[in-house]
Amino acid sequence: MTIVVRPFDLADTESVVSLWQTAGLTRPWNNPYQDIRRKLSVQPELFLVAADGRTIVGSVMAGYDGHRGWLYYLASAPDRRGEGIGRKLVAEAEDRLLAMGCPKVQLMVRPENGVARGFYDSLGYEPFETWNTGKRLIAD
Ligand SMILES: CC(C)(COP(=O)(O)OP(=O)(O)OC[C@H]1O[C@@H](n2cnc3c(N)ncnc32)[C@H](O)[C@@H]1OP(=O)(O)O)[C@@H](O)C(=O)NCCC(=O)NCCS
């Protein structure tokens with residue numbers, strides 16, 4: 001496997017949006033182009049893609065808020081699952097967070113996403129119970 005994990009480049013935009021769509025990560029209330037634009041203004045070096053040559057085969061969007069590291073938009077291409085792409089992306093995100101002094105990384109998984117749960121279990125992530133709540137500050 002010749003997968004390279006590197007920071008997102010603007011030229012990756014269409015490939016990444018299409019990856020998110022095929023991986024089922026887009027939601028009607030999240031404009032993926034807007035999400036990319038925002039991420040490029042905050043810790044863009046933590047927005048990573050996995051590239052096989054010129055083909056984008058995975059992505060992860062990480063962030064460190066000074067207390068916890070967070071992972072979003074983890075995906076590997078549907079026809080490239082089980083090759084270690086997801087593991088490689090998470091490892092690189094963890095390395096970059098750790099280098100910033102981040103003590104713990106966590107993420108939210110939708111309850112119906114058993115695949116993501118199995119994946120993160122096998123990477124040693126430990127589930128914990130929270131009541132998630134949120135408030136939109138900008139109506140997109
Ligand atoms: C979750 C996802 C990124 C995993 O990517 P992947 O490239 O197939 O994962 P890897 O090949 O790196 O697998 C890493 C480990 O996870 C395990 N794993 C992967 N999918 C699994 C599953 N469904 N159940 C249990 N274990 C799983 C693998 O067996 C592997 O373990 P090993 O290295 O000990 O053999 C991929 O399934 C995906 O893109 N899903 C759709 C998007 C999504 O749900 N993202 C997460 C949002 S929270």
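Order of listing sets the numbers, starting from 1, for every ligand and every atom in it. For clarity, every value in this text was computed on a predicted model and none was experimentally measured.
- By the ring pair (Phe, Tyr, Trp, His ring centres under 6.0 Å) test, Y120 pairs with Y125, sequence neighbours left out.
- Counting atoms of ligand 1 from 1 in the listed order, those under 4.0 Å from a heavy atom of A23 are 41 (C), 42 (C).
- In this structure, N31 and R38 have side chains that are not in contact, with every pair of non-hydrogen atoms separated by 4.5 Å or more.
- Considering backbone and side-chain N/O atoms, L25 never comes within less than 3.5 Å of an N/O atom of ligand 1.
- Annotation: atom 37 (O) of ligand 1 to nearest protein heavy atom, R81 CD, 3.2 Å.
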Note to self: Test salt bridge (charged side-chain N to carboxylate O under 4.0 Å, His left out) on K88 and E92; report intermediate values, then the result.
What the structure shows: CA-CA 6 Å; K88 201 167 170 135; E92 180 64 27; over 6 Å; no
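- Checking atom 34 (O) of ligand 1 against the protein gives a heavy-atom contact under 4.0 Å.
- Around the CZ atom of R54, the shell of radius 6.0 Å holds no more than 12 heavy atoms that belong to other residues, nucleotides or ligands.
- Of the listed options G114, S122, G86, S122 places a heavy atom closest to atom 16 (O) of ligand 1.
- Residue-ligand proximity, A75 to ligand 1, at heavy-atom distances under 4.0 Å covers atoms 39 (O).
- Atoms of ligand 1 found under 4.0 Å from any heavy atom of V115, numbered from 1 in the order shown, are 22 (C), 23 (N), 37 (O).
- Residue L74 has at least one nitrogen or oxygen atom sitting less than 3.5 Å from a nitrogen or oxygen atom of ligand 1, judged on distance alone.
- Of the N or O atoms in K88, none lie within a sub-3.5 Å distance of an N or O in ligand 1.
- F8 has its side chain out of reach of L48: every pair of non-hydrogen atoms, C-beta onward, lies at least 4.5 Å apart.
- Atom 11 (O) of ligand 1 has its closest protein heavy atom at G84 N, 2.7 Å.
- The residue L89 has no part lying near ligand 1, judged by heavy-atom distances below 4.0 Å.
- In terms of polar-atom proximity, G82 is counted as a contact of ligand 1, with an N or O under 3.5 Å from an N or O of the ligand.
- Counting non-hydrogen atoms of other residues, nucleotides and ligands closer than 6.0 Å to CD of E112 gives a total above 12.
- Residue-to-ligand polar distances keep Y120 apart from ligand 1: every N/O pair is separated by 3.5 Å or more.
- Checked by atom type, the side-chain pair W70/D65 shows a donor-acceptor distance below 3.5 Å.
- In this structure, L71 is a member of the same hydrophobic cluster as V5, with clusters built from ILVMFWY side-chain heavy atoms closer than 4.5 Å.
- Residue contacts with ligand 1: G24 is excluded, as none of its non-hydrogen atoms falls under 4.0 Å.
- Distances between N or O atoms of M108 and those of ligand 1 include no value under 3.5 Å.
- In terms of polar-atom proximity, E83 is counted as a contact of ligand 1, with an N or O under 3.5 Å from an N or O of the ligand.
- Side-chain contact between P103 and Y64 is present, with at least one heavy-atom pair separated by less than 4.5 Å.
- Within the set F119, W20, Y72, the minimum heavy-atom distance to atom 4 (C) of ligand 1 is found for F119.
- Atom 23 (N) of ligand 1 lies below 4.0 Å from at least one non-hydrogen atom of the protein.
- Protein heavy atom closest to atom 32 (P) of ligand 1, with residue, atom name and distance, is R87 NH2, 3.4 Å.
- Here the rule is side-chain hydrogen bond (donor to acceptor under 3.5 Å, both in side chains) with E83, and of R87, R80, R81 only R80 fits it.
- With no hydrogens or angles considered, a side-chain donor-acceptor pair links D35 and Y73 at under 3.5 Å.
- For R117, the side chain to side chain contact (heavy atoms under 4.5 Å, CB included) partners are V109, P111, not counting sequence neighbours.
- The backbone and the side chain of S76 each have at least one atom closer than 4.0 Å to an atom of ligand 1 (non-hydrogen atoms only).
- For R110, no heavy-atom contact with ligand 1 is shorter than 4.0 Å.
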